[in-house]
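Below: the structure, in C-alpha cells.
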Amino acid sequence: MQGLRVIPLLTALALPATAPAADPPEKTCQRLKDAIERYTDKRRAGGSPQQMDSWKRARQDKKNEWDRLKCRRISARLE
C-alpha cells in the first residue's frame, strides 16, 4: 500500500511545470507595429532602389521581432 501512494507523487514531480504564456509587453508591440507601418508607408511612397531594399529589410526585421514576441496575441488592443 505504501508504494501505491508514492507513484502519483513521483509522477507529478517528474513532469515539467508549464506556466501559461504571458502576453508580450504592449508598449513594445505598439512600437514594433508603428515601425512596420512606417516602413510600409515609405515603400509605398517610393524611393531609390537602395532605399526600397533598406526599408524592406528593416520592415522584415521588425516583423520577425513581432512574430518572435507573439504580439499577435494582443494586436486587438493596439492602436
Side-chain angles (χ1 to χ4, degrees):
M1 282 261 178
Q2 288 287 341
L4 294 176
R5 287 188 223 159
V6 174
I7 291 173
L9 177 61
L10 291 177
T11 304
L13 292 175
L15 296 175
T18 55
D23 283 343
E26 233 174 275
K27 197 173 204 176
T28 302
C29 289
Q30 183 66 54
R31 182 181 51 79
L32 288 170
K33 181 182 177 198
D34 292 343
I36 291 167
E37 290 173 355
R38 187 172 56 250
Y39 286 121
T40 300
D41 291 343
K42 284 183 176 194
R43 293 197 68 219
R44 285 182 181 156
S48 72
Q50 293 84 10
Q51 284 177 323
M52 298 290 280
D53 190 48
S54 173
W55 294 332
K56 182 179 179 179
R57 279 185 272 116
R59 183 187 185 281
Q60 189 60 48
D61 289 344
K62 300 297 182 187
K63 182 74 172 105
N64 289 341
E65 183 72 7
W66 168 276
D67 292 339
R68 186 183 69 75
L69 291 175
K70 298 182 173 108
C71 290
R72 183 174 304 252
R73 291 180 182 175
I74 64 165
S75 62
R77 289 186 269 170
L78 302 177
E79 295 177 12

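Atom-to-atom distance recorded for Q30:CD and I74:CD1 is 8.5 Å, nearest 0.5 angstrom. Distance CD/Q60 to OH/Y39: 13.0 Å, rounded to 0.5 Å. Taken from NZ in K27 to CG in L32, the straight-line distance is 13.5 Å, to the nearest 0.5 Å. Atom OG in S75 sits 14.5 Å away from atom NZ in K70 (nearest 0.5 Å). From R72, atom CZ reaches atom SG of C29 across 11.5 Å, with rounding to the nearest 0.5 Å.
The main-chain N or O of I36 is found under 3.5 Å from a side-chain atom of T40 such that the two form a donor-acceptor pair.
Counting non-hydrogen atoms of other residues, nucleotides and ligands closer than 6.0 Å to CZ of R77 gives a total above 12.
At a threshold of 4.0 Å, the pair R57-D53 counts as salt-bridged, since one of the basic side-chain nitrogens sits closer than that to a carboxylate oxygen. Between E65 and K62 there is no salt bridge, since none of the side-chain N atoms of the basic residue sits less than 4.0 Å from a carboxylate O of the acidic one. Of the charged side-chain nitrogens involved, none lies within less than 4.0 Å of a carboxylate oxygen, so that R38 and D34 do not count as a salt-bridged pair.
When all heavy atoms of G46 and W55 are compared, the pair lying nearest together is O-CZ3, 3.8 Å.
Side chains of K33 and E37 form a contact here, defined as non-hydrogen atoms less than 4.5 Å apart.
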